[in-house]
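All remarks here apply to the structure that follows.
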Amino acid sequence: MAQLDLRRKLSVLADAAKYDASCASSGTSKRDSSGGRGIGSTEGMGICHAYTPDGRCVSLLKILLTNFCIYDCAYCINRASSNVARARFSVDEVVRLTLEFYRRNYIEGLFLSSGIIRSGDYTMEQLVRVARTLREAHDFRGYIHLKLIPEADPKLVEEAGLYADRLSANIELPRDEALQRLAPQKDVGVIKKAMGQVRLKVEAARPEKRDRAKPPRFAPAGQSTQLIVGADGAPDTEILQRSASLYGGYGLRRVYYSAFSPIPDSSTALPLSKPPLMREHRLYQADWLMRFYGFSAPEIGEAATDGMLDLAVDPKLAWALNRRELFPVDVNAAPREMLLRVPGLGVKTVDRIVSVRRYRTLRLEDVARLCRSVDKVRPFITALDWTPGGLTDAVDLRARLAPERAPKQLSLF
Ligand code: SF4
């Protein structure tokens with residue numbers, strides 16, 4: 001293969017990385033920038049913008065070390081049998097690119113993944129070398145997210161955690177049987193074992209107050225994974241159940257959902273079309289309900305039809321419409337957990353309601369001041385001067401609250 005120049009490699013390997021949704025740098029503290037000076041453009045090949053839960057936008061150089069791969073996962077554009085253009089960075093090239101982009105303020109960190117070259121150990125070793133060189137030879141203080149190669153020696157995984165802020169191993173398909181069928185060289189047991197190792201290490205590195213000496217640093221922003229939606233026939237309820245068990249079993253910070261996108265010359269075992277992007281969006285909303293609103297996966301599934309979430313209304317509203325006997329709730333007396341289930345009330349609003357009601361009894365106009373739109377809330381609450389009467393049970397309530405036209409969701413790519 002002719003030697004490609006760096007720019008051409010960047011174009012190929014940034015494009016190849018865009019299919020991995022598992023990067024956002026939530027959960028890390030901002031590092032000091034030792035090298036970033038001046039104002040730089042934030043647009044460019046391979047730069048992705050990720051939003052943290054607190055709304056902070058961070059820019060990462062998101063690339064693959066190489067899109068050559070000895071595996072042949074049917075759903076992947078980089079699989080061995082694909083005839084996509086290939087390229088490979090050297091370790092030094094990735095280090096140089098990262099430092100140059102960082103110094104120019106284009107990025108705050110690096111997301112680095114790779115196809116499998118030679119073996120899991122060799123590939124992981126290359127990824128670790130990039131992170132180690134950045135940290136030790138160049139005192140790089142930016143964010144680093146490294147992809148884990150689950151088959152790699154646990155010692156390499158351990159080393160990766162010393163240099164990376166976040167690690168991720170992708171489960172990819174919600175059904176184990178589908179992973180076996182579509183990615184026969186992968187082993188879900190091995191992926192879970194690697195995740196389990198990361199969990200134990202992350203927990204061991206969390207300093208206790210009584211500890212005098214800090215334990216060695218290990219992936220302080222934890223681990224994440226990605227599930228592809230719509231490739232294996234798993235309905236939303238099964239996907240959410242899978243996420244719940246990943247959060248519980250491996251202490252993941254995030255599960256990312258990526259709507260399957262058909263690839264050229266794909267296997268006949270794969271669907272021909274992609275699922276609606278709104279499906280991915282509803283799964284993110286449901287995931288949010290599990291992490292911050294106290295919902296369980298089966299509860300969210302109560303309002304699903306044939307296992308699929310309602311695309312017309314958000315999952316919290318769908319649940320409330322399905323459980324109208326629990327409403328209206330009194331904003332002046334209901335426990336926080338129940339207020340969190342009121343459509344239109346977010347965590348911050350609920351906390352402000354709980355705080356304000358300690359010294360005054362809330363009227364509807366008080367709630368209106370605290371939340372974004374009281375129209376959605378009104379049928380589900382009572383306040384000092386408000387009771388919804390028959391509105392809570394109105395047969396046309398869903399139609400009244402469903403947006404006339406579903407909001408347009410932009411593709412990640
Ligand atoms: S191992 Fe990763 S890069 Fe290689 S074919 Fe499978 S999903 Fe694609």
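As the structure lists them, so they are numbered: ligands from 1, and atoms in each ligand from 1.
- Nearest to atom 2 (Fe) of ligand 1 among the protein's heavy atoms is K186 NZ, 4.0 Å.
- When heavy-atom distances to ligand 1 are checked against a 4.0 Å cut-off, C69 comes that close only through its side chain, counted from C-beta outward.
- For R378 and F380, the positive end is not near the middle of the six-membered ring at less than 6.0 Å and at most 45° from its axis.
- Atom 4 (Fe) of ligand 1 has no N, O or S atom of C76 inside 2.8 Å of it.
- Judged by distance alone, the side chains of D232 and Y75 never bring a donor and an acceptor atom under 3.5 Å apart.
- With F111 as the aromatic partner, K62 meets the cation-pi criteria of under 6.0 angstrom to the ring centre and within 45 degrees of the ring axis.
- At the top of the distance list for atom 6 (Fe) of ligand 1, counting protein heavy atoms only, stands C73 SG, 2.3 Å.
- Not a single donor-acceptor pair under 3.5 Å links the side chain of S243 to the backbone N or O of V255.
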